[in-house]
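Start at 1 with the first residue, then count along the sequence.
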Amino acid sequence: MATANPFQKILTALEKPDGGEFGKYYSLPALNDPRIDKLPFSIKILLESAIRNCDEFQVKSKDVEKIIDWENTSPKQVEIPFKPARVLLQDFTGVPAVVDLACMRDAMNNLKGDSNKINPLVPVDLVIDHSVQVDVARSVNAVQANMELEFQRNKERFGFLKWGSNAFHNMLVVPPGSGIVHQVNLEYLGRVVFNTDGLLYPDSVVGTDSHTTMIDGLGVAGWGVGGIEAEATMLGQPMSMVLPGVVGFKLLGKLRDGVTATDLVLTVTQMLRKHGVVGKFVEFYGEGMSELSLADRATIANMSPEYGATMGFFPVDRVTLQYLKLTGRSDDKVALIESYLRANRMFVDYNEPQVERVYSSYLELNLNEVEPCISGPKRPHDRVTLKEMKVDWHACLDNRVGFKGFAVPKESQNKVVEFTFHGTPAQLRHGDVVIAAITSCTNTSNPSVMLGAALVAKKACELGLEVKPWIKTSLAPGSGVVTKYLQKSGLQQYLNQLGFHIVGYGCTTCIGNSGDIDDAVASAITENDIVAAAVLSGNRNFEGRVHPLTRANYLASPPLVVAYALAGTVDIDFETEPIGLGKDGKKIFFRDIWPSNEEVAEVVQSNVLPHMFMATYEAITKGNPMWNQLSVPDGTLYAWDPKSTYIHEPPYFKDMTMSPPGAHGVKNAYCLLNFGDSITTDHISPAGSIHKDSPAAKYLLERGVDRRDFNSYGSRRGNDEIMARGTFANIRLVNKFLKGEVGPKTIHIPTGEKLSVFDAAMRYRSEGHATIILAGAEYGSGSSRDWAAKGPMLLGVKAVIAKSFERIHRSNLVGMGIIPLCFKTGEDADTLGLTGEERYTIDLPSSVGEIKPGQDVTVVTDNGKSFVCTLRFDTEVELAYFDHGGILQYVIRNLIKS
C-alpha cells in the first residue's frame, strides 16, 4: 500500500526576489549527496520525478537510490519507474487513445466498477494536425480549400475528439488548422516548469508520436511512447523503463556561412547512428551551444528517433529563456522557471565554471566541419553531401535494389519520357522531382531555414527562374506564426510565385498526406518505370511513405527544397551545373541564389516578434468556425454507432473477466510473414492512402463509401475493422515468401496460395492456427504507431522473432500481449536455415512468476530444428502486463481493485 512521501523533509519554499514565494519544491541540493551534482541534467529530471512521486508502492526509495547512483547502476540495465508530468497526443494517435478510454469505461461498467475512474490523472494535450491532405496546391486558396475537404472527410473523427474533450477531465484538444503538434508544443504547450497547486516541478512529457523529442530542445524531457503505454500513463500508471545510459555530445565552434541547421542535424544523425545510441539519452553541451538558437536545438532534438536515441536533450540556459520570452511566455513565468531551475541546480550558466559531468560515452563535433547535405533516397541516416550528390545518384541507379539502389539498367538510365501536361509538352527522366514540399515540424519551427527558403525564392524570382508546373510544390507551416513572419518580411509573395503556396497547418507530405500527383505525371511514371523523386524538409523518407510513386525521397533543408524544385532534378551537381536559365538567357548557379548567414539573421531579427506568437496562440484557444459548429453528444459513456466507418468499438475487452488469463507459450504456429531488416511501422501499419484493391477498400466499398472518400489509414485509426485490414498493407512490403515480388501479399503455407496478408491471417484463424512473424534487424523502426502492434494482435500474431526491435515498437507489442523474441547475436532466420514454412513452438511456463525478464527461450520447429532466443520482456512490470493479456486489461483490473 502507498505511504507518505519519505522525502517530505526536503520540500522547500522557493522565495521570490521581491518577497513572498513562488511555491514549494523538492530540493535536490538538500539531499547533500555529491553524486547528484555529477549527474547528467536529463537524469536529474528522472530523479526529481522519483523523489516527488515516492510512495513506497509505485515508486520506492530504492528507485531513488538507483537514480542517484546512476554512474554505477545504468550499465547494469536496472529498472526504474517514471511518472511524466503530462501526455501529448496528435489526432492519428489521439483518436484510438480516446476510443480505448471510452472502451475502458464500458469495460469498467460491465465489470461493475466505477467507470468515472477512467479519466486522465495528468494533463493531456491533444493537437489535431495529421488530417490535412495536400489536395489543392499551387493556389492562393489552398488553405481554405484543403481545410474544407479536411472537415468534410473527418467531421466524425473531429466530433468524437470534441466529445472526448468534454467527457474526460484534464484533456485539452487543440483544433485542426492550428499547426503541427510538436511546433505547438514547443511554442505554446511546453511549460518547462509546472506550478500545480503551489508545487513546482520540471515539465516532462511522453507523446504518441516519436518526434515528441522535439521538446527536448526546450529543456523539457520528452520522448515518444506507444499509444498503449501513453494511455496507462494518463491513468496514473508509472512507466517502467530501464535507467538509460547518457551519451555526452560536445559541440564546438560555429556553423560556416551557407550551412543550415538541417545540414547539422543530418550530420549529427549519421554520427549518432554510427556510435549506437538506441535506448540511450543524448545530452548536448560545450561552448558551441551558445552558437545554436533554440530552433536549431529543437531541429536536432526532433530527429532523435532517426538517430535512435530516446532523447536528444538540451539543458535550459540563457538561450532557452530568451526563446520563452520571444514566444510570448510572460515575464513572471520565465522568472519562475529560471529561479526554480537555478535553485535545483538544473540550469546551465555558461558564464560560470562548469561542473564536470559524468557520461556513459562521449562524442564531439566542431560545427565548423558541417557541410551542406541531404539524406536519402530511402533512409534518414543515409547522408549525402551536396558536392557528392550527382555521383551518389548515379550509383543508386546502378546499385541492386536496396536502401541505396534501384537497379536501373545502364541502357535505360538516360531514358526521356515525353508526355503532355495540361496541353503543354513535357519530359520526365529518372531523378526528376515531382514533389517538393516545405513541411514537417523538424524545420517549419525554425525561422532561419524558413526565411532562408523565402530568400532563395526571392533571388530566384528576381533572376527569372521558374519551377516546372508539373512539380507539386507546397508549404505547410507548423503554426500560424510562420505565416505572420513570412508576410511581414514581404517574402511570401516570392514563395507563391514559385508555387510554394501555403496549403494548410499540420503534418502533410512528411507523413504521406501529399495528395495525388497529376494524372499525366503519374501515368508517365508508372507506364515507363521512372524513378521519380520527392524532396522534402521532413524527417522520414522510408520507401512508400511520402507517395507511392516517388521511389527516391530526399530530406533537405527548406532552402534546398526550393533549390531542387527550381533545378527540377536531383541528378545535378550544384557546384558545376546551372540550376536554370535566367530571364536574359544567362546561366544561373546555386551560388547565385543562396543567401548568406548574415542576410538570413537580419531578416529573422526584424520579422520574428513576440506579438506574433501571442496572437497565434490566443486564437487557438478560441477554435475556428468549422470546429466551433461541430455538435457533439453529452454523456460520459460513448454511444457507439455500428454503421460508422471511422469510430468502432474494438474487441480488446470482449469477454474480459476479473481473472487474468495468465502467461502462455505458442504451439505449432505458422509463419505469417518472413521479413529481412528495417521493416518499419510504415510497412506494418501504413498511414497513407488506402489502395483501391486492398481489403480495407473492399470493406469500405461494401459499406457504401465512395472511393474518393476513402481518406487515409491514419484518419481511420478509430476503426479496428479497417486497421486490421490495413495491417501489412504497404505496397512496398518485401516478404521473403514472395521471392522478390513487392507488395502486401503472403503465402498461406498449408495450401501454397498467394493471398493478401489480411485474408491469409483470417484463413489461419478460421483453421484454428496461431501465427508468428520472422524478421531481421530494427523491426518496427519509424513512427511510434500503436496500430503496428494492435493490428498484428487482431490478425492473430502471437510472437515476433527478430534480430532487434525499435524501442517503442517492442513496448507496444508487449502492451498488446504479443511475445517479442530476439535471435542470439550472429544468428537470424537465414543462418539458422529457417525458410518460414516450418511450424513454430515457443515454450513458456504457465506461471508468470517462473519467467524472468530477458531470459533464454527455446523455439522448436516441426522439422526438428531448435534454437535459443532472448525473451524481450525487459521488466517485471512488462511480465505483469503479459499475465493480464495486455497493459489496458492490467490497468482496468487494478483500478477496480483500488
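- Under the salt bridge (Lys or Arg N to Asp or Glu O under 4.0 Å) criterion, K798 pairs with no residue at all, not counting sequence neighbours.
- How far CG of L832 is from SG of C869: 8.0 Å, rounded to the nearest 0.5 Å.
- Between T439 and the choices N513, T509, T508, the side-chain hydrogen bond (donor to acceptor under 3.5 Å, both in side chains) rule is met once, by T508.
- You'll find the ring centres of F675 and F728 inside the 6.0 Å limit.
- Ion pairing of D91 with R717 is absent here, as no side-chain N (NZ or NE/NH1/NH2) approaches a carboxylate O to less than 4.0 Å.
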(request) Walk me through it: do H748 and Y764 pass the test ring-ring contact (aromatic ring centres under 6.0 Å, His included)? (result) CA-CA 8 Å; H748 177 251; Y764 282 126; 4.8 Å; yes

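- Taking a cutoff of 4.0 Å between a charged side-chain nitrogen and a carboxylate oxygen, K736 and D830 qualify as a salt bridge.
- The only member of F653, Y652, Y890 that meets ring pair (Phe, Tyr, Trp, His ring centres under 6.0 Å) when paired with H884 is Y890.
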(message) Would D100 and K790 count as a salt bridge (Lys or Arg N to Asp or Glu O under 4.0 Å) here? Give the steps.
(response) CA-CA 12 Å; D100 288 353; K790 288 176 176 175; 2.8 Å; yes

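- Not less than 6.0 angstrom separates the ring centroid of W787 from the ring centroid of F92.
- Inter-residue side-chain proximity for S804 and Y779 is flagged as unmet; no heavy-atom pair is nearer than 4.5 Å.
- Residues L795 and F758 have side chains in contact (heavy-atom distance under 4.5 Å, counting atoms from C-beta outward).
- A donor-acceptor pair under 3.5 Å links the side-chain atoms of K404 to the main chain of G376, judged by distance alone.
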(message) Determine whether D682 and R540 satisfy the following criterion, salt bridge (Lys or Arg N to Asp or Glu O under 4.0 Å), listing intermediate values before the conclusion.
(response) CA-CA 10 Å; D682 281 305; R540 296 266 166 83; 5.6 Å; no

(message) Set out, in order, the CA-CA distance, both residues' side-chain angles and the distance that settles salt bridge (Lys or Arg N to Asp or Glu O under 4.0 Å) for E827 and K865, then state yes or no.
(response) CA-CA 14 Å; E827 295 183 348; K865 289 185 185 293; over 6 Å; no

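- T299 contributes no side-chain N or O that, together with a main-chain N or O of T262, makes up a donor-acceptor pair within less than 3.5 Å.
- Between the D129 side chain and the V181 main chain, a donor and an acceptor come within less than 3.5 Å of each other.
- The side-chain heavy atoms of E721 and R716, taken from C-beta on, include no pair separated by under 4.5 Å.
- When atom types are taken as modelled, the side chain of E741 and the backbone of L738 share no donor-acceptor pair closer than 3.5 angstrom.
- In terms of modelled atom types and a separation under 3.5 Å, the side chain of R785 and the main chain of S685 share a donor-acceptor contact.
- The salt bridge (Lys or Arg N to Asp or Glu O under 4.0 Å) check on D720 picks up nothing, with sequence neighbours excluded.
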